[in-house]
Amino acid sequence: MVLSIMAQGIAILGGTGWLGLALGRNLLARGLPPEALRVLNRRGPTADYDSFPGVHWATDLADLIAGAGVLVLSVRPEDYHIPAPQGFYGLVISFMAGVPLERLARDWPRATIARAMPGGGAQEGQAHVPWCAGEIPAAAATRVAGVLGAIGMVDRVADETALAYMSALSGSGAAYPALMAQAMYHDAIRRGIAPDVAWRAVRSVVCGAPALFTQGPEQAAALLESYHGYRGVTAAGLTAAEASGFAEAITAALEVATEKALNF
């Protein structure tokens with residue numbers, strides 16, 4: 001897919017931020033010629049692309065989009081300022097939370113526009129990347145998936161409400177597992193377990209989970225059912241967690257995060 005978009009050129013506004021840089025580097029690693037990548041940031045040229053000589057460092061917005069067929073907006077919403085509607089005819093992909101398609105359409109009235117909310121793992125090309133758009137041509141949708149595929153697994157969702165929810169869910173990356181790990185670790189310390197021993201125990205719990213989750217939701221359900229069936233130590237803990245509102249706490253967290261994504 002990189003071969004099909006390289007002739008158009010890709011421009012990244014915010015190309016040295018963590019997400020813009022992840023996209024740029026992964027596109028280059030997948031075969032995008034350095035001269036086909038254009039980058040603009042507030043600091044000017046940095047060492048981030050030194051291993052890919054030929055990347056064009058734009059001096060302003062006009063320079064960034066000149067000759068590009070794809071523009072990726074990867075800046076914080078509060079740093080996004082377009083002084084006037086732009087005459088860009090290509091594809092615009094926004095990574096910004098809280099900047100709706102309606103506003104983007106006003107800023108880029110001649111462009112085809114999509115929004116995406118990549119989750120954690122973008123640097124390694126292992127993110128979950130949901131995206132949405134209005135009615136766009138099939139070729140444009142394929143192009144969106146091709147660009148975003150450089151940083152992970154791509155899924156188109158129905159609308160911006162769904163995208164906001166996915167921002168709260170997969171966009172959280174390792175945040176909720178980290179919260180659980182921190183709670184387990186602090187509880188172990190409180191009970192007198194040595195910190196290094198406590199962390200190794202927590203790590204074994206968290207790092208042992210990914211292999212299970214690659215197999216699908218049925219495997220997770222089967223595991224929980226199996227533990228409950230043993231009626232042992234873990235079953236007692238699971239029952240207590242459920243009774244204490246573990247699922248409700250996750251639901252509440254996602255609800256509040258979704259609302260934040262909708263009204264950033």
Side-chain angles (χ1 to χ4, degrees), residues 12-14 17-23 71-82 91-109 111-123 126-136 141 144-145 147-148 151-184 186 206 209-210 213 216-217 220-221 224 238 240-264:
I12 305 177
L13 179 63
W18 77 270
L19 195 50
L21 182 60
L23 178 64
L71 170 64
V72 178
L73 304 175
S74 186
V75 295
R76 295 178 179 179
E78 59 268 28
D79 295 330
Y80 174 69
H81 303 290
I82 301 299
L91 170 65
V92 172
I93 303 174
S94 171
F95 288 164
M96 299 181 294
V99 181
L101 291 171
E102 181 181 3
R103 177 180 171 186
L104 293 169
R106 291 198 301 268
D107 292 339
W108 309 91
T112 299
I113 301 171
R115 292 184 59 204
M117 289 282 105
Q123 291 181 332
Q126 298 296 320
H128 179 237
V129 193
W131 70 278
C132 75
E135 294 185 8
I136 63 175
V144 172
V147 174
L148 299 179
I151 53 175
M153 180 176 59
V154 180
D155 283 315
R156 185 174 183 176
V157 296
D159 52 33
E160 291 181 286
T161 299
L163 186 67
Y165 178 78
M166 296 308 296
S167 176
L169 184 58
S170 59
S172 65
Y176 294 116
L179 184 63
M180 184 183 73
Q182 185 180 66
M184 288 180 163
H186 287 162
V206 176
F213 295 147
L224 291 173
L238 288 172
E242 291 163 352
S244 297
F246 188 90
E248 288 79 3
I250 296 298
T251 298
L254 293 175
E255 183 175 352
V256 171
T258 298
E259 185 64 25
K260 177 67 174 181
L262 284 169
N263 302 286
F264 201 87

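- Of all heavy-atom pairs spanning Gly134 and Arg156, the tightest one is O-NH2, 3.0 Å.
- Checked against Met166 for a side chain to side chain contact (heavy atoms under 4.5 Å, CB included), the options Asp155, Thr258, Thr161, Val157 give a single hit: Val157.
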For the pair Lys260 and Val256, evaluate side chain to side chain contact (heavy atoms under 4.5 Å, CB included) and give the outcome as yes or no after the intermediate values.
CA-CA 6 Å; Lys260 177 67 174 181; Val256 171; 5.7 Å; no
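- Between Glu160 and Cys132, the shortest heavy-atom distance links the atoms CG-SG, 3.8 Å.
- For the atom pair CG of Asp159 and CG of Leu101, the computed distance is 9.5 Å after rounding to the nearest 0.5 Å.
- The side-chain heavy atoms of Leu91 and Leu71, taken from C-beta on, include no pair separated by under 4.5 Å.
- If you take CE on Met117 and CG on Leu148, they are separated by 10.5 Å, rounding to the nearest 0.5 Å.
- When the shell of 6.0 Å around CD of Glu102 is examined, it contains 12 or fewer heavy atoms from other residues, nucleotides or ligands.
- Considering all non-hydrogen atoms of both residues, Ala122 and Trp18 come closest at CB-CZ3, 4.1 Å.
- A donor-acceptor pair is defined here as one N or O able to donate and one able to accept, closer than 3.5 Å; such a pair exists between the side chain of Arg115 and the backbone of Val99.
- Between the Asp79 side chain and the Val75 main chain, no donor and acceptor come within less than 3.5 Å of each other.
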Quick one, Phe246 with Leu238, criterion side chain to side chain contact (heavy atoms under 4.5 Å, CB included). Give me CA distance, side-chain angles, the key distance, then yes/no.
CA-CA 9 Å; Phe246 188 90; Leu238 288 172; over 6 Å; no
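- The OG atom of Ser74 sits 7.5 Å away from atom CD1 of Ile12, with the distance rounded to the nearest 0.5 Å.
- Partner Val92 forms a side chain to side chain contact (heavy atoms under 4.5 Å, CB included) with one of Leu73, Val72, Leu13 and no other, that one being Leu73.
- Residues meeting the side-chain hydrogen bond (donor to acceptor under 3.5 Å, both in side chains) test with Trp131, sequence neighbours left out: none.
- The OH atom of Tyr165 sits 9.5 Å away from the OG atom of Ser170 when rounded to the nearest 0.5 Å.
- The structure places OH of Tyr80 at 7.0 Å from OG of Ser94, a figure rounded to the nearest 0.5 Å.
- When all heavy atoms of Val144 and Ala114 are compared, the pair lying nearest together is CG2-CB, 4.0 Å.
- A 6.0 Å sphere centred on CD of Glu242 holds more than 12 heavy atoms belonging to other residues, nucleotides or ligands.
- What you find for Val129 and Pro118 is that their closest heavy atoms are CG1-CG, 3.9 Å.
- For the pair Val154 and Ala145, the tightest heavy-atom approach, listed with the atom from each and the gap, is CG2-O, 4.0 Å.
- Note: Met96 CE to Leu104 CG = 5.0 Å, rounded to the nearest 0.5 Å.
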Working note: Phe95 + Arg76, criterion side chain to side chain contact (heavy atoms under 4.5 Å, CB included); need CA distance, chi angles, decisive distance, verdict.
CA-CA 9 Å; Phe95 288 164; Arg76 295 178 179 179; over 6 Å; no
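- Sequence neighbours left out, not one pair with a member in residues 171-183 passes side-chain hydrogen bond (donor to acceptor under 3.5 Å, both in side chains).
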